[in-house]
Amino acid sequence: MATVNLSDYKPLSLSNADEYSIGIVVSEWNDFVTFNMRDGAIEVLQKEGIRKENIKVFYVPGAFELSFAAMQMCKSNRFAAVIAIGCVIRGETPHFDYVCSAVAHGIKDCNVLTKTPTIFCVLTDDTKEQSIARSGGALGNKGIEAAVTAIKMIQFNNKV
């Protein structure tokens, strides 16, 4: 369990953020969680100087579809980074394990098969309450952390 507020970060003070284009793909499943993370990510990206028109948001039905969408976005070469936002909450069957594993591997594939950093912003929680706590609740907003990570990975990519 996280012990710090995920929303706490130090502004990055980017000099060329207005040049970055960021793609965000959001799962509509568990939208009471994913839309909060989307909003947190967009807010931070704009605070860091990325222009609103350079943030493109796409939607997919569920977390399983994030891998396909993220890969297509990476292959388009339109984005300096892609953020994949989803939420899978454990149920009574092994479905949770299969979906979480597939999504994690799919996002990993985007990172190793393309030159576009793809950020894993998928909550894999046991309960609805845990997801709410990590999407704007008591433990902050994982979308904020994903936005900061995307910017840092863009900077890394620009250095190598």
Side-chain angles (χ1 to χ4, degrees), residues 2 5-12 14 16-89 99-125 131-137 139-160:
N5 188 318
L6 299 175
S7 298
D8 293 338
Y9 81 98
K10 295 177 183 170
L12 303 172
L14 304 173
N16 59 340
D18 61 334
E19 299 171 11
Y20 298 160
S21 181
I22 308 289
I24 302 175
V25 58
V26 182
S27 168
E28 294 174 324
W29 192 260
N30 292 323
D31 62 0
F32 65 95
V33 171
T34 61
F35 287 11
N36 287 341
M37 292 190 294
R38 173 204 61 198
D39 294 346
I42 291 170
E43 180 181 339
V44 167
L45 293 172
Q46 289 180 329
K47 280 183 183 176
E48 292 297 334
I50 296 172
R51 295 187 313 227
K52 184 177 182 176
E53 61 269 17
N54 286 351
I55 302 169
K56 306 294 183 195
V57 181
F58 301 91
Y59 297 92
V60 295
F64 194 82
E65 292 77 26
L66 289 170
S67 298
F68 175 81
M71 182 63 80
Q72 297 309 308
M73 294 166 72
C74 291
K75 286 181 178 179
S76 77
N77 293 318
R78 291 177 48 209
F79 305 103
V82 171
I83 301 171
I85 297 176
C87 174
V88 186
I89 301 171
V99 171
C100 293
S101 179
V103 174
H105 285 290
I107 301 305
K108 180 265 305 171
D109 287 347
C110 292
N111 280 298
V112 298
L113 298 175
T114 75
K115 295 181 179 182
T116 305
T118 307
I119 311 310
F120 185 86
C121 183
V122 180
L123 296 180
T124 56
D125 294 315
S131 295
I132 291 169
R134 290 163 175 79
S135 63
L139 295 176
N141 188 321
K142 188 74 170 170
I144 290 171
E145 183 178 317
V148 171
T149 301
I151 292 168
K152 288 182 176 186
M153 291 307 296
I154 291 168
Q155 291 175 320
F156 172 84
N157 230 5
N158 289 340
K159 291 177 183 176
V160 296

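Model, not experiment: these values are computed from the prediction.
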Asks: Which residues satisfy the side chain to side chain contact (heavy atoms under 4.5 Å, CB included) test with C100, sequence neighbours excluded?
Replies: V88, F96, T124
Asks: Which atoms form the tightest heavy-atom contact between V99 and F64, and what is the distance?
Replies: CG1-N, 4.3 Å
Asks: Side-chain contact test, heavy atoms from C-beta onward, threshold under 4.5 Å: evaluate it for I144 versus E43 and give yes or no.
Replies: no
Asks: Measure the CG-CD1 distance between N111 and I119 for me, rounded to the nearest 0.5 Å.
Replies: 6.5 Å
Asks: Might you point out which heavy atoms bring C110 and C74 nearest each other, and give the distance in Å?
Replies: CB-SG, 4.0 Å
Asks: Which residue in the set T118, V25, T34 passes side chain to side chain contact (heavy atoms under 4.5 Å, CB included) when paired with L66?
Replies: V25
Asks: Give me the atom names and distance for the closest heavy-atom approach of M73 to F58.
Replies: CE-CD1, 3.5 Å
Asks: Show the nearest heavy-atom pair for residues I107 and A84, with the distance to one decimal.
Replies: CD1-CB, 3.6 Å
Asks: Are the side chain of N36 and the backbone N or O of G136 linked by a donor-acceptor pair below 3.5 Å?
Replies: no
Asks: Write down the atom of N158, the atom of Y20, and the distance for their closest heavy-atom approach.
Replies: ND2-OH, 3.7 Å
Asks: A side-chain contact here means heavy atoms from C-beta on lying under 4.5 Å apart; do L45 and I151 qualify?
Replies: yes
Asks: What's the separation between atom CD1 in I22 and atom CG in N54, rounded to the nearest 0.5 Å?
Replies: 8.5 Å
Asks: Could you tell me which non-hydrogen atom of A41 sits nearest to which non-hydrogen atom of A147, and how far apart they are?
Replies: O-CB, 3.6 Å
Asks: A side-chain contact here means heavy atoms from C-beta on lying under 4.5 Å apart; do V26 and F35 qualify?
Replies: yes
Asks: Within the 4.5 Å heavy-atom criterion, are Q46 and I55 side-chain neighbours or not?
Replies: yes
Asks: State, yes or no, whether a side-chain contact exists between P117 and N157 at a heavy-atom distance under 4.5 Å.
Replies: yes
Asks: Please say whether more than 12 non-hydrogen atoms of neighbouring residues, nucleotides or ligands are located less than 6.0 Å from CZ in F68.
Replies: no
Asks: What distance separates D125 CG from I132 CD1, expressed to the nearest 0.5 Å?
Replies: 10.0 Å
Asks: Can you find a heavy atom in the side chain of D39 that is under 4.5 Å from one in the side chain of N141?
Replies: no
Asks: Exactly one of R134, K142, E145 should register a side chain to side chain contact (heavy atoms under 4.5 Å, CB included) with M37. Which one does?
Replies: K142
Asks: Begin from the C-alpha positions of I154 and F156 and carry the test side-chain contact (heavy atoms from CB on, under 4.5 Å) through to its verdict.
Replies: CA-CA 5 Å; I154 291 168; F156 172 84; over 6 Å; no
Asks: For residues 53-80, which residue pairs pass the salt bridge (charged side-chain N to carboxylate O under 4.0 Å, His left out) check, not counting sequence neighbours?
Replies: R51-E53
